[in-house]
Amino acid sequence: MLINITNHSKRGAFDMLTDQSINRWLKELVSKYPDLSLCRNDIVAAYQCLSQSFRASGKLLVCGNGGSAADSEHIVGELMKGFMSKRPLPSNRRSLLESVFKEEGLYLADHLQGGLPAISLVSHSAFLTAYSNDVAADMVFAQQVYGLAKTEDVLLAISTSGNSGNVVRAVQVARALGVSTIGLTGSDGGKLAELCTVAIRVPWDKTPDIQERHLPIYHTLCMMVEQEFFEGEDEGLLARVNEGEGYV
C-alpha cells in the first residue's frame, strides 16, 4: 500500500514551487547542459503537469523502449522512494503503524519513506510477452494505459525519435481518455510532439546524444516534485545537489 503523499508534505496545502525556486532548478540544469536552455519552458510545463497530478492523488505511468525502457525504470525508482531526501514518515503515520503493530510498527515506520506513485509500464514481463504474442506488439503500452490510467494521471512517453509505435499508441489512448501526456524526445519530436500535452524536445538528433540529455531532465523533474511534496520551499535539497550529496 502506498501511503498518500499529502500526509508527508511539509509545505502549505498543495502549494507548487515558487517561480524563484523553479528558476534555481533550471539554472542548475542549464549551467551543466547549456543546450537544454531551449527546453526550459517545456520542462517547467512538465513539472506543473506532474505537480497537478500528484496533488490530485494521481499517478505517473512511464514507457519507452531499449534505453528509454531503462529510463522508465530509473524514473520510477527516483519517485517511489527517497531520492535526494530520506522522506521520513510524519508523526501521524508513525503513530498509526505503532498503534497497529507495536514494536514491529516502529520498524515499519523507520524503514518506510514517502512515495510519489509511479508505475513503469515496461516492467510487466508476463503481460508484455502474452499481449505481444496474442494480440499486437505495438499495443502493449496502450493496453496498460487503457487498464490503469485515470484522468488525474500523467503518462510520460519516452522515445528519441518520437515515432516509436508502441509509445505513440499509448499516447493516443491516453489522449482519448483525457489523460495528460509528457513526451521526452529528440529535436524532431516526431509524432509525440504533435500528440503530447507537453513535449520536451532535446536539441540533438543522434540517439546517444538525446538519451544523455534525457537523464538530467528527468532527474531535475524528480527533484522538483520531491522538493514540493517533501522538502518545502527551503533551499536544503538544492544545496545538497550543489554539494554533490544526496540520498540514493
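For reference, positions follow the sequence shown, starting with 1. Fair warning: this is a prediction, and the values are worked out from it, not measured in the lab.
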Any heavy-atom pair between the side chains of Lys27 and Asn23 that's under 4.5 Å? no
Can you tell which of Glu226, Gln113, Glu231 makes a side-chain hydrogen bond (donor to acceptor under 3.5 Å, both in side chains) with Arg87? Glu226
Short side-chain to backbone donor-acceptor contact, Ser99 and Leu96, under 3.5 Å: yes
Residues, nucleotides or ligands: over 12 heavy atoms within 6.0 Å of Phe127 CZ: yes
Short side-chain to backbone donor-acceptor contact, His214 and Asp71, under 3.5 Å: no
N/O donor-acceptor pair under 3.5 Å between Asn133 side chain and Thr129 backbone: no
For Cys63 and Leu155, work out which heavy atoms get closest and say how close. SG-CD1, 4.2 Å
In terms of hydrophobic clustering (I, L, V, M, F, W, Y; side-chain heavy atoms under 4.5 Å; direct or indirect links), are Met224 and Val62 co-clustered? yes
If I compare all heavy atoms of Pro216 with all of Tyr33, which pair ends up nearest, and what's the gap? CB-CE1, 3.4 Å
Quick one: closest heavy-atom pair of Ser159 and Val167, and the distance? CB-CG1, 4.5 Å
In plain terms, say whether Asp188 and Arg201 are close enough for a salt bridge, that is, a side-chain N and a carboxylate O under 4.0 Å apart. no
Could you state whether Val179 and Leu79 fall into the same hydrophobic cluster, counting links through intermediate Ile, Leu, Val, Met, Phe, Trp or Tyr residues with side-chain heavy atoms under 4.5 angstrom apart? no
Output yes when a side-chain donor or acceptor of Glu73 lies under 3.5 Å from a complementary backbone atom of Ala69, and no otherwise. no
Taking side chain as C-beta onward, heavy atoms only, is Trp25 less than 4.5 Å from Ile43? no
At what distance, to the nearest 0.5 angstrom, does CD1 of Ile75 lie from CG of Leu116? 13.0 Å
Please assess Lys59 against Ser53 for the test side chain to side chain contact (heavy atoms under 4.5 Å, CB included), listing each intermediate value before the final yes or no. CA-CA 7 Å; Lys59 61 184 177 293; Ser53 173; 5.9 Å; no
Taking the side chain from Ser95 and the backbone from Ser91, do they hold a donor-acceptor pair closer than 3.5 Å? yes
Is there a side-chain contact between Val44 and Asp42 (heavy atoms, below 4.5 Å)? no
Answer yes or no: is there a side-chain heavy-atom contact under 4.5 Å between Val171 and Phe141? no
Would you give the length of the straight line joining atom CD of Glu228 to atom CE of Met16, rounded to the nearest 0.5 angstrom? 6.0 Å
For Arg175 and Gln172, does a side-chain donor sit closer than 3.5 Å to a side-chain acceptor? no
Quick one, Asn166 and Ser164 - any side-chain contact, counting heavy atoms below 4.5 Å? yes
Distance alone, cut at 3.5 Å: any donor-acceptor contact between the side chains of Trp204 and Glu212? no
Would you compute the distance between atom CG of Leu148 and atom CD of Gln143 and round it to the nearest 0.5 angstrom? 9.0 Å
Tyr146 side chain to Ala174 backbone, donor-acceptor under 3.5 Å: no
Heavy-atom side-chain proximity of Pro88 to Phe230 below 4.5 angstrom: no
Side chains of Gln211 and Thr160, donor plus acceptor under 3.5 Å: no
Counting C-beta onward and ignoring hydrogens, is there a side-chain heavy-atom pair between Cys39 and Leu36 closer than 4.5 Å? yes
With a 4.0 Å cut-off on N to O distance, would you call Glu28 and Arg24 a salt bridge? no
So, the side chain of Thr181 versus the backbone of Thr197: is there a donor-acceptor pair under 3.5 Å, distance only? yes
Between Arg213 and Val202 the two heavy atoms that sit nearest each other are CB-CG1, 3.5 Å
Take Leu60 and Leu50, measure what side chain to side chain contact (heavy atoms under 4.5 Å, CB included) needs, and give me the verdict at the end. CA-CA 8 Å; Leu60 176 67; Leu50 291 171; 3.7 Å; yes
Kindly indicate whether the side chain of Leu108, heavy atoms from C-beta on, has any atom under 4.5 Å from the side chain of Arg94. no
Going hydrophobic residue to hydrophobic residue with side-chain gaps under 4.5 angstrom, can you get from Val76 over to Val145? no
Glu104 atom CD: more than 12 heavy-atom contacts under 6.0 Å: no
Hydrophobic cluster membership, Leu38 vs Ile22, 4.5 Å side-chain cutoff: no
Show the nearest heavy-atom pair for residues Ser161 and Thr185, with the distance to one decimal. C-OG1, 3.6 Å
Looking at Leu61, Val122, Ile119, which one forms a side-chain contact (heavy atoms from CB on, under 4.5 Å) with Ser72? Val122
Return yes if some donor-acceptor pair links the side-chain N/O of Gln144 with the main-chain N/O of Leu121 below 3.5 Å, else return no. yes
Side-chain (Ser21) to main-chain (Thr18) donor-acceptor, under 3.5 angstrom: no
From CD1 (Ile182) to CD1 (Ile217), nearest 0.5 Å: 11.5 Å
Given the side-chain rings of Tyr107 and His111, with only the six-membered ring counted for Trp, is the space between their centroids under 6.0 Å? yes
In Å and rounded to the nearest 0.5 Å, what is the CG to CZ distance from Leu195 to Arg169? 10.5 Å
Between Leu192 and Ala157, what is the shortest heavy-atom contact and its length? CD1-O, 3.9 Å
Rounding to 0.5 Å, atoms CZ (Arg40) and CG (Leu26) come to a distance of 4.5 Å
Verify the cluster assignment for Ile210 and Leu215: are they in a single hydrophobic cluster under the rule of side-chain heavy atoms below 4.5 Å apart? yes
Side chains of Ser57 and Glu152 only: does a donor on one sit below 3.5 Å from an acceptor on the other? no
